[in-house]
J.: 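First the structure, then my questions, so here it is.
Owing to the predicted nature of the structure, the values given are computational and were not obtained by experimental measurement.
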Amino acid sequence: NCSMKLKLHILFSLSASLISACGGGSGGDAVFSPPAFSEDYSKLNILEGSINIKTLNATDTNNRSIAFSIIDGIDKESFSVGLNGQLRFIQSPDYESPHDSDKDNKYNITIEATAGENSTQLPIEITVKDAIEGRVGINPLNAATVYIDNNSNSLLDSSDISSSSNEGLFFLEKNFVCNGVCETKIILESGNYPVIGRTNLTTMFSPVIGDTTFSISPISTLISVSSDDSKLLNSLGISASVEEVLKLNLWDSSVDTDSLRSLLGRINYQIGFILDVTQSLFVDQDLITQFQVTTTASEKLVSLINDSAEGLRDQTKLKSFYGEVIQELNNEVVYSDQMLSSLARLTSDINKLFMNKPDTTSDPSGLGYRELIIRSYKALTIPIESFVRGYINEGNFIAGTSLTSIYSDSPIFSSLTDTDGDGNANVVDLNDDNDLVEDLADSFPLDSSETLDTDFDGIGNNADEDDDGDGVNDGSDD
């Protein structure tokens, strides 16, 4: 029967086709194509100071896993790439000191994407871009928000360029021409101090220096609000230009104690301490911003300093300062006259300790001065905040804020020199030799038999036979 034979032939042919489609037939070998990069990575840019460049992606038509590697390029030793395609600098690049082979901030490498036995190579040129760069804080401040206030409204807007600090350093894209000190203002907010072990309370700002590293610090904040920078610096005893001051790294004030850097560092701690204490007075005041407190306090500090070089350490002037800031910003919390006096006294004493030159002889590593900073910066802010929040009363605050209570029980202080044997290491003692003259006013703070050196010849007046250096013996000098 022809019809029956035809049906059997069709059924047999269909069955054979199905068996072949399921893998039952001999078939041919699968075709594997090399992976393809998902986009053009041949030209990449990165801001100096950054590490992560780009996460590379590639696809494979056979859905195999893809691994990435750096196989060639004259600058390949400067980079690493993870299995997931994260391309990184091994060390963050510095635009001013390029490490590429041509020293032109253009780095050349070749990346390979591999899937099984198949691979694709791609030459890549990474260009490092110049940045506005600097240091932040009284010492290295992490995770602080730093931004250029383009429209001068003191707020971080979508149009402002911003970044976050890492190990005290920040890098911002340079989208304008700026050489030397510029009118543009840069603002710092929040962050934390690993060395001190506390968050940053103070908003700080600084003029921008576009062609070199500079510092955003308490000193730069005063410079930003001052109408006469030269007068401010002269009042602080600083014979340097604004640009020189902003460029200096002020974090380590224990090295070369007679240097400008050391003097600025010690002044910086004093200004920062006052600004921190002032911020604490307004904790939990929702209608008063950190920027308002910093601006008001900074303006009044400039006036205080210009009136008296010793203003940062003058108890009477500091009491007036705190009172004026509280009154102008209309603080909801009431601080009694006695509490303001206690606040001013302790600020004065701590700032005197900050102003003393670190003892590099008995404490060459500067551990004592560092411990002074750590303890001092927690000394008032925490009790003030506790008072504002009702955890302690005024009596508790006054009783708990003395130099003895702040600096006691420190193994570091106990291990340091105590010239007069009064139980207070020199670094936390206002009068090291116990001669009734405080160290800052004593030409010989470690010698109780001498306090004055009128002619600055290194011999105290008591031992000097010619105090004024006029060539006439004191006994014959009228």
J.: Is a donor from one side chain sitting under 3.5 angstrom from an acceptor on the other, for S449 and D447?
T.: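 Yes, a side-chain donor-acceptor pair sits under 3.5 Å.
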J.: Could you pull out all residues at least two apart from F397 that satisfy ring-ring contact (aromatic ring centres under 6.0 Å, His included)?
T.: none
J.: Between R198 and D276, is there a salt bridge with N-O shorter than 4.0 Å?
T.: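 Between R198 and D276 there is a salt bridge, with a charged N closer than 4.0 Å to a carboxylate O.
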J.: In terms of heavy-atom contacts, does CD of E243 have more than 12 from other residues, nucleotides or ligands at under 6.0 Å?
T.: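 Atom CD in E243 is packed in, count exceeds 12.
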J.: Applying side chain to side chain contact (heavy atoms under 4.5 Å, CB included), name anything that partners S405, two or more places apart in sequence or on another chain.
T.: S402
J.: Strictly by modelled atom types, are T55 and Q86 linked by a side-chain donor-acceptor pair under 3.5 Å?
T.: yes
J.: Between S262 and R266, do the side chains contain an N or O donor and an N or O acceptor separated by less than 3.5 Å?
T.: yes
J.: With sequence neighbours excluded, what pairs up with S78 under the side-chain hydrogen bond (donor to acceptor under 3.5 Å, both in side chains) test?
T.: none
J.: Listed by chain and number, what are the ring-ring contact (aromatic ring centres under 6.0 Å, His included) partners of Y147, not counting sequence neighbours?
T.: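 Residues passing ring-ring contact (aromatic ring centres under 6.0 Å, His included) with Y147: none at all.
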J.: Are there over 12 heavy-atom neighbours, none belonging to R135, within less than 6.0 Å of that residue's CZ?
T.: yes
J.: Do D149 side-chain atoms and K185 backbone N/O form a donor-acceptor pair below 3.5 Å?
T.: no
J.: Please say whether more than 12 non-hydrogen atoms of neighbouring residues, nucleotides or ligands are located less than 6.0 Å from CD in E465.
T.: no
J.: State which residues pass side-chain hydrogen bond (donor to acceptor under 3.5 Å, both in side chains) with K174; sequence neighbours excluded, sorted by chain then number.
T.: D130
J.: Indicate yes or no for a side-chain donor-acceptor contact from E48 to the backbone of D94 under 3.5 Å, with no hydrogens or angles considered.
T.: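 Not at all, since once roles are kept as given, no pair shorter than 3.5 Å links the two residues.
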J.: Would you call K106 and D100 a salt bridge, taking side-chain N to carboxylate O under 4.0 Å as the test?
T.: no
J.: Sequence neighbours left out, what pairs pass ring-ring contact (aromatic ring centres under 6.0 Å, His included) with at least one residue falling in residues 431-478?
T.: none
J.: Apply side-chain contact (heavy atoms from CB on, under 4.5 Å) to the pair K319 and L343, showing each step before the final yes or no.
T.: CA-CA 7 Å; K319 180 181 177 182; L343 196 63; over 6 Å; no
J.: Applying ring-ring contact (aromatic ring centres under 6.0 Å, His included), can you list everything that pairs with F273, at least two apart in sequence or on another chain?
T.: Y377
J.: Does N434 have any side chain to side chain contact (heavy atoms under 4.5 Å, CB included) partners at least two apart in sequence or in another chain, and if so, which?
T.: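 Applying side chain to side chain contact (heavy atoms under 4.5 Å, CB included) to N434 gives D420, N431.
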J.: Would Y107 and T127 count as having a side-chain donor-acceptor pair, cut-off 3.5 Å?
T.: no
J.: Can you sort out the partners of E394 under salt bridge (charged side-chain N to carboxylate O under 4.0 Å, His left out), two or more places apart, ordered by chain and number?
T.: none
J.: What pairs with Y193 under ring-ring contact (aromatic ring centres under 6.0 Å, His included), at least two apart in sequence or on another chain?
T.: none
J.: Among S336, S341, S342, which residue meets the side-chain contact (heavy atoms from CB on, under 4.5 Å) test with M339?
T.: S336
J.: For the pair R313 and E310, find out whether any cationic side-chain nitrogen is under 4.0 Å from an anionic carboxylate oxygen.
T.: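 Answer for the salt bridge query: yes.
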J.: Taking side chain to side chain contact (heavy atoms under 4.5 Å, CB included) as the test, write out the residues that go with S408, two or more places apart.
T.: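 Listed in chain order: nothing, the list is empty.
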J.: In terms of ring plane angle, is the pair F214 and F170 parallel, tilted or perpendicular, where the classes change at 30° and 60°?
T.: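 The rings of F214 and F170 stand perpendicular, inter-plane angle above 60°.
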J.: More than 12 non-hydrogen atoms from neighbouring residues, nucleotides or ligands closer than 6.0 Å to CD1 on I90, yes or no?
T.: yes
J.: Is it the case that the side chains of E244 and S241 hold a donor-acceptor pair, with the cut-off being a distance below 3.5 Å and no angle test?
T.: yes
J.: Would you find more than 12 non-hydrogen atoms of other residues, nucleotides or ligands less than 6.0 Å from N473 atom CG?
T.: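 Atom CG in N473 is packed in, count exceeds 12.
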J.: If we only count heavy atoms from C-beta on, is the S215 to S206 side-chain gap below 4.5 Å?
T.: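 Not in contact.
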J.: State plainly whether the residues K352 and E438 are in salt-bridge range, i.e. N to O under 4.0 Å.
T.: yes
J.: Applying ring-ring contact (aromatic ring centres under 6.0 Å, His included) as the test, list every pair that has at least one member in residues 311-350; sequence neighbours left out.
T.: Y335-F387
J.: Does either side chain, that of S410 or that of E371, offer a donor lying less than 3.5 Å from an acceptor on the other one?
T.: yes
J.: What verdict does the side-chain contact (heavy atoms from CB on, under 4.5 Å) test give for Y407 and I350, after you've listed the backbone C-alpha separation in whole Å, the side-chain angles of each residue and the deciding distance to 0.1 Å?
T.: CA-CA 11 Å; Y407 303 126; I350 288 175; 3.5 Å; yes
J.: Apply side-chain contact (heavy atoms from CB on, under 4.5 Å) to the pair F205 and V225, showing each step before the final yes or no.
T.: CA-CA 9 Å; F205 17 95; V225 303; 3.7 Å; yes
